[in-house]
**Student:** 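First the structure, then my questions, so here it is.
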Amino acid sequence: MAPLIKIRDLYFNRGDKVIFSGVDIDIYQGKVTAIMGPSGTGKTTLLKLIGGQLKPDRGTVEVDGQNVHKLSHSKLYELRKRMGMLFQSGALLTDLNVFENVAFPLREHSRLPESMIRDLVLMKLQAVGLRNAREMMPAELSGGMARRVALARAVTLDPMMIMYDEPFTGQDPISMGTLVNLIRRINDAMGLTSIIVSHDVAETTKIADEIYLLSGGKVIEKGNPETLKTSGSEWVKQFLQGLPDGPVPFHYPGNDFKNDLLNSKETQ
Amino acid sequence: MIELLRSLGRWGLDTFQRLGRGHLFLVQMLAGIPSSVFRFSLVVQQLFYVGVLSILIILISGLFVGMVLGLQGYNTLVDFGAEESLGVLVSLSLVRELGPVVSALLFAGRAGSALTAEIGLMKSTEQLSGMEMMAVDPMRRIVAPRFLAGLISMPLLAAIFSAVGIFGAFLVGHGLLGVDDGAFWSQMQAKTDWYEDILNGVIKSIVFGFVVTWIALFEGYDASPTSEGVGRATTRTVVHSAFAILGLDFVLTALMFGDV
């Protein structure tokens with residue numbers, strides 16, 4: 001089976017900082033694929049590269065057989081209608097209420113009658129459990145609720161895939177559980193392909209079919225959660241078990257501590 | 001010395017890069033205008049925020065500027081026994097200069113800064129990114145309608161400013177200082193030319209509306225997505241708009257009235 005998203009030999013720099021140097025990733029249809037790694041490894045950047053918001057320095061990103069960065073503006077926008085994305089902040093439009101936020105893509109891209117828009121929006125809100133919060137403004141929502149509204153909005157156009165940017169960060173245990181459940185359920189019920197970018201090991205390993213571990217601009221390890229748990233790599237062990245020291249040092253690299261203490265000129 | 005040169009060079013490069021980005025932004029924004037014309041409801045909504053909500057400050061400022069002009073003008077004219085020309089003096093000053101310039105400065109402070117802050121915050125809260133990923137072009141959906149609204153509002157606000165200013169001068173001149181009302185209005189009508197004065201004033205305000213709205217929207221769109229970045233961008237909108245208005249006013253005045 002050909003992958004829905006095929007990333008080959010991806011290179012990306014931000015200023016002098018190397019974000020990716022030769023990344024290959026395959027994401028298959030119907031699966032929940034997680035991209036994991038420590039903060040600052042460019043996980044969000046990867047989603048922006050897939051969505052065509054950033055251009056790679058080298059390499060290709062193919063979505064459904066189309067090279068995202070070779071598409072014209074209008075073709076890219078056509079492709080994006082079939083991609084959903086859930087931002088870390090939710091990215092809800094603050095001047096619209098919950099109902100209008102979820103209705104936004106429909107109003108922009110379709111000429112459906114108002115009664116049908118209402119039905120569709122209520123169905124999506126029902127799926128995330130917020131049908132009765134439809135009159136609320138984004139500022140009145142809790143973080144977890146905002147993310148669920150954003151999830152309803154992301155699936156309004158019935159996309160083929162959905163990208164989640166750190167969906168579990170800063171959630172209380174209840175909304176965390178709700179989100180984990182929703183992501184899996186929506187993926188299976190709608191036959192979606194999901195990509196989760198996250199560093200929350202416990203939650204992500206619960207729902208992911210396939211995991212890619214990124215660090216230092218490269219894919220360190222890939223496989224299903226079970227294989228990763230038994231991986232012999234020190235780095236994978238440190239990351240999955242959350243050990244404070246290991247291949248990723250506790251101390252930010254630089255001067256030696258002893259030298260720093262003895263060399264007091266710098267501070268004078 | 002080298003450090004100074006280096007920072008000068010960096011400043012120069014940054015400035016030119018910003019100018020380049022600003023002009024690219026302008027091209028993209030203008031390309032988005034046709035779709036805004038077809039969805040005029042978005043423009044109408046922005047006309048309310050950008051134009052209607054600026055009316056109060058324009059009314060009050062216009063009234064006071066006109067009243068002061070009336071007082072000052074009377075004091076000078078009365079020495080020559082020409083106080084009946086007060087209407088002409090006030091109308092020409094307002095229609096040609098003060099109306100477009102002062103209302104544009106107020107517009108930059110009131111509506112321009114609000115536009116920058118709004119777009120900057122939309123950027124920092126990923127709303128613009130989110131729209132792009134929903135296949136909605138923020139240039140068409142957010143920027144172009146605001147630009148059109150600014151372009152339409154500015155001449156109307158300048159006209160309101162001038163009209164209220166003339167009324168303020170009349171209140172002071174006739175009500176307080178006893179200038180003959182017939183002379184006030186008839187001289188004004190006789191000496192204020194439709195094309196020379198009013199049309200040129202309208203052209204000025206359209207140019208100012210274009211530039212101020214462009215600066216405000218670009219600063220918001222180009223702001224670094226932090227609270228400090230948005231704050232700085234808002235300040236820059238007001239400062240750069242003021243420079244642009246005053247500089248362009250000189251250029252336009254020289255072109256319109258330079259040969260008289």
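Sequence lines set the chain letters: A, B, ... in the order given, protein chains first and strands last, and positions in each chain run from 1.
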**Student:** By a 4.5 Å heavy-atom criterion (distance strictly below it), what part of A/L92 contacts chain B: side chain, backbone, both, or neither?
**Tutor:**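 Contact with chain B is through the backbone of A/L92 alone.
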**Student:** Check whether more than 12 heavy atoms from other residues, nucleotides or ligands sit under 6.0 Å from atom CZ of A/R8, and answer yes or no.
**Tutor:**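 More than 12 within 6.0 Å, yes.
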**Student:** Does CE in A/M137 sit with more than 12 non-hydrogen atoms of other residues, nucleotides or ligands closer than 6.0 Å?
**Tutor:**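 More than 12 within 6.0 Å, yes.
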**Student:** Do other residues, nucleotides or ligands put more than 12 heavy atoms under 6.0 Å from B/F167 CZ?
**Tutor:**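 No - once you tally the heavy atoms of other residues, nucleotides and ligands closer than 6.0 Å, there are 12 at most.
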**Student:** So for A/M85, is it side chain, backbone, both, or neither that comes closer than 4.5 Å to the heavy atoms of chain B?
**Tutor:**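 Side chain only.
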**Student:** Quick one: donor-acceptor pairs under 3.5 angstrom, chain A versus chain B?
**Tutor:**
unit_1, atom_1, unit_2, atom_2, d
A/Q53, NE2, B/S129, O, 3.2
A/Q53, NE2, B/E132, OE1, 2.9
A/R80, NH1, B/E132, O, 3.1
A/S89, OG, B/E126, OE1, 2.9
A/T94, N, B/Q127, OE1, 3.3
A/T94, OG1, B/Q127, NE2, 3.2
A/E108, OE1, B/R39, NH1, 2.9
A/E108, OE2, B/R39, NH1, 3.2
A/E108, OE2, B/R39, NH2, 3.2
A/E108, OE2, B/R141, NE, 2.6
A/H109, NE2, B/M134, O, 2.7
A/H109, NE2, B/A135, O, 3.4

**Student:** Rounded at 0.5 Å granularity, tell me how far CG in A/L157 sits from CE in B/M134.
**Tutor:**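 If I round to the nearest 0.5 Å, the distance is 9.0 Å.
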**Student:** Only counting residues at least two apart or in another chain, list the ones meeting ring pair (Phe, Tyr, Trp, His ring centres under 6.0 Å) with B/F40.
**Tutor:**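 Counting only residues at least two positions away or on another chain, B/F40 forms no ring pair (Phe, Tyr, Trp, His ring centres under 6.0 Å).
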